[in-house]
Amino acid sequence: MAPAGLHAVAVRVLLLSLLAVSAIDVVSAATAAPLKFGINYGQIANNLPHPAQVSGLLQSLNVNRVKLYDADPAVLTAFAGTGVEFIVGNEDLQNLTDAGKARAWVAQHVQPFIPSTRITCITVGNEVLSGKDTVAMQNLLPAMQAMHQAVSDLGLAGQVNVSTAHSVNILASSYPPSSGVFREELAQYIQPILNFHAEVRSPFLINAYPFFAYKASPGSVSLPYVLFEPNPGVVDPNTNLTYDNMLYAQIDAVYAAMKAMGHTDLTVRISETGWPSKGDGDEVGATVANAAAYNGNLMKRIAMGQGTPLKPDVPIDVFVFALFNEDMKPGPASERNYGLFYPNGTPVYNLGFNGASFSPSPTFSSSSKPTVRN
C-alpha cells in the first residue's frame, strides 16, 4: 500500500483528470478556441469543489476569464500558470478610502500572484449606487481612486485596472434604449465616476438581468425577447435600430446614459448576467428550460462576435452568473440556483453544445470564506 500522502495525491490527480475529461464532453469541438465570455465564481456555499478542481473544469471548458467577489488566495494560486484572466474584488469601501490601507491590500492580495496568475481588474464595491447606504456611495469614488493609486504605486497600472460593478437599476429610463438616462439623484456620484473611468481607461461594469424584468411583468414582457429566441423585435423610434433581445437594449441604454453625461469614450462590460434554473412559486420563468435557453443563446451570440445595434463593431463583453449553485445565499430560491453546474460537477442543464454531462465527483470544501454578493 502506498503511503497515505501519496495515495491522497493519486486520488486528487484522478479526480481532476475525470473532471477535465467529462467537462470536455459538455462542449463541442467548435469551442476549441477560448470562448469570449467570463464567468462569475461565487463561493457562498459549503459544498463547493476545491479550487484546483475548478481550475481544471474551466480550462477544459475553454473559459478564460473569471470574476471573483474577493481575492481568494486559494483560487488565485490554483489558477497559476493557466493564463485565465481574473477580476478580483474588495467591498471594504471605508478602509479603501485610506491610501495606505488600499496599497497594503494590493500588496498582500494582488501583487504576490502576478504574473503567475493574470489579474487584470479590481472591482471596488458591488452595486453600491443602487443601495441605500449614502456613506458607501460617498466613499465609492475615493476608494476607487485610492485603489488605482495603489496599483500605480506598486507598478501594476499597465496590467491591472480599477472599476466597480453597478446594477442596471441605476438607470431611470432604459426604453427605448436611446432614451437611457441615469437616475437624477445618482448623477452627483456617476458623473465623477465616469470621468475617472475615462481618465484611467477602465471599463464601465453593469450587472444586467432580463430575468428580473420578466419576473416582474410576465404578461407584458415577451419571453422570446428576453431569452434571445426568435421574435419580431422592438424598434427604437429615435434611431430606427431594431432590438431582438433585452440585454442588448440594456447595454445600449447605458451607452445613451453615458453619452448624456458627455462620455462616448467608455466601454460597457456586462459583469453579471444569467438566469436561474429554479425559483420560488412566485418567481415566474425560473426554470431549467429558460435558463438553458438564456445562457445557451447568449453564448452562441458571443461566439459569433456579435455587437449591439448601437455598437455593431464592438463584440459584447459578458460575465455569466454563475459557475455553481450556491446553497448559502440568502433571499428567494432563485438566488441559490443561478449556477451552470451543481457543486458535484454535473451540469444543471445542457448548454446547447451537446447532451453529454459530467460523471458525479466528490466535493471538497474550499478553504476560502464565502463572500456575499449584494
Side-chain angles (χ1 to χ4, degrees), residues 26 37-49 54 57-58 61 63 66-69 126-127 130 165-169 205-229 245-251 270-302 318-353 357-358 363 370-374:
V26 178
F37 79 97
I39 195 157
N40 285 268
Y41 180 3
Q43 295 176 276
I44 310 176
N46 59 10
N47 57 355
L48 297 182
V54 177
L57 165 61
L58 293 187
L61 292 175
V63 174
V66 174
K67 178 169 167 283
L68 298 177
Y69 294 89
N126 187 55
E127 299 189 355
S130 55
H166 303 281
S167 166
V168 74
N169 292 332
L205 305 183
I206 286 286
N207 298 339
Y209 289 87
F211 165 71
F212 293 136
Y214 181 75
K215 171 185 170 182
S217 188
S220 58
V221 175
S222 162
L223 186 60
Y225 181 68
V226 293
L227 294 181
F228 303 94
E229 300 282 12
N245 71 86
M246 182 177 285
L247 182 66
Y248 287 16
Q250 290 176 327
I251 293 172
I270 297 298
S271 43
E272 285 184 24
T273 193
W275 196 285
S277 60
K278 183 179 179 182
D280 291 324
D282 62 346
E283 294 193 281
V284 180
T287 68
V288 167
N290 288 344
Y294 183 84
N295 285 321
N297 288 334
L298 174 59
M299 289 181 189
K300 289 175 184 176
R301 290 181 179 235
I302 292 169
V318 172
F319 282 75
V320 173
F321 188 87
L323 182 54
F324 296 111
N325 281 346
E326 299 172 68
D327 66 348
M328 294 177 66
K329 290 197 67 177
S334 61
E335 285 293 312
R336 294 176 288 282
N337 290 279
Y338 273 92
L340 301 182
F341 296 92
Y342 294 109
N344 68 1
T346 60
V348 176
Y349 44 81
N350 171 24
L351 293 179
F353 297 102
S357 64
F358 290 108
T363 58
T371 53
V372 176
R373 182 179 72 90
N374 294 335

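Residues Pro343 and Phe324 approach most closely at CA-CD2, 4.0 Å, considering heavy atoms. For the pair Ile270 and Ala208, the tightest heavy-atom approach, listed with the atom from each and the gap, is CD1-CB, 4.2 Å. Heavy-atom minimum distance, Arg336 versus Gly331: NH1-O, 2.9 Å. The shortest non-hydrogen separation linking Ser277 to Val348 is OG-CG1, 3.5 Å.
With values rounded to the nearest 0.5 angstrom, Phe319 atom CZ is found 10.5 Å from Ile39 atom CD1. Between atom CZ of residue Phe341 and atom CG of residue Leu61 there is a gap of 4.5 Å, rounded to the nearest 0.5 Å. To the nearest 0.5 Å, atom CG of residue Asn337 and atom CG of residue Asp327 are 10.0 Å apart.
Contact annotation: the side chain of Glu335 never approaches that of Ile44 to less than 4.5 Å [non-hydrogen atoms, C-beta and beyond]. The shortest side-chain heavy-atom distance between Leu223 and Tyr214 falls under the 4.5 Å cut-off. In this structure the side chain of Pro210 reaches within 4.5 angstrom of the side chain of Thr273, judged on heavy atoms. Between Asn126 and Glu272 there is a side-chain heavy-atom pair separated by less than 4.5 Å.
No side-chain donor-acceptor contact under 3.5 Å links Asn295 to the backbone of Gly274. A side-chain donor-acceptor contact under 3.5 Å links Glu283 to the backbone of Ser334. Asn245 contributes a side-chain N or O that, together with a main-chain N or O of Tyr248, makes up a donor-acceptor pair within less than 3.5 Å. In this structure, the side chain of Glu326 engages the main chain of Gln43 through a donor-acceptor pair within 3.5 Å. With Asp280 contributing its side chain and Ala333 its backbone, the two residues share a donor-acceptor pair below 3.5 Å.
Checked against Val66 for a side chain to side chain contact (heavy atoms under 4.5 Å, CB included), the options Asn40, Val54, Leu323, Leu58 give a single hit: Leu58.
The aromatic rings of Tyr69 and Phe321 sit perpendicular to each other, their planes meeting at more than 60°, with 30° as the lower class boundary. Below 30°, between 30° and 60°, or above 60°: for Trp275 and Phe211 the angle between ring planes is above 60°, a perpendicular geometry. Classification of the Tyr209-Tyr338 ring pair by plane angle, with boundaries at 30° and 60°, yields perpendicular.
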Could you walk me through whether Ile206 and Ile251 satisfy the side chain to side chain contact (heavy atoms under 4.5 Å, CB included) test, starting with their C-alpha distance in whole Å, then the side-chain angles of each, then the deciding distance to 0.1 Å, before giving a yes or no?
CA-CA 8 Å; Ile206 286 286; Ile251 293 172; over 6 Å; no
Stepwise, does the side chain to side chain contact (heavy atoms under 4.5 Å, CB included) test hold for Tyr41 with Val63?
CA-CA 12 Å; Tyr41 180 3; Val63 174; over 6 Å; no
Working for side chain to side chain contact (heavy atoms under 4.5 Å, CB included), residues Phe228 and Leu247:
CA-CA 9 Å; Phe228 303 94; Leu247 182 66; 4.0 Å; yes
Which is it for Tyr349 and Leu340 under the side chain to side chain contact (heavy atoms under 4.5 Å, CB included) test, yes or no, and what are the steps along the way?
CA-CA 7 Å; Tyr349 44 81; Leu340 301 182; 3.2 Å; yes
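Side-chain N/O atoms of Ser271 and Asn207 include a donor and acceptor closer than 3.5 Å.
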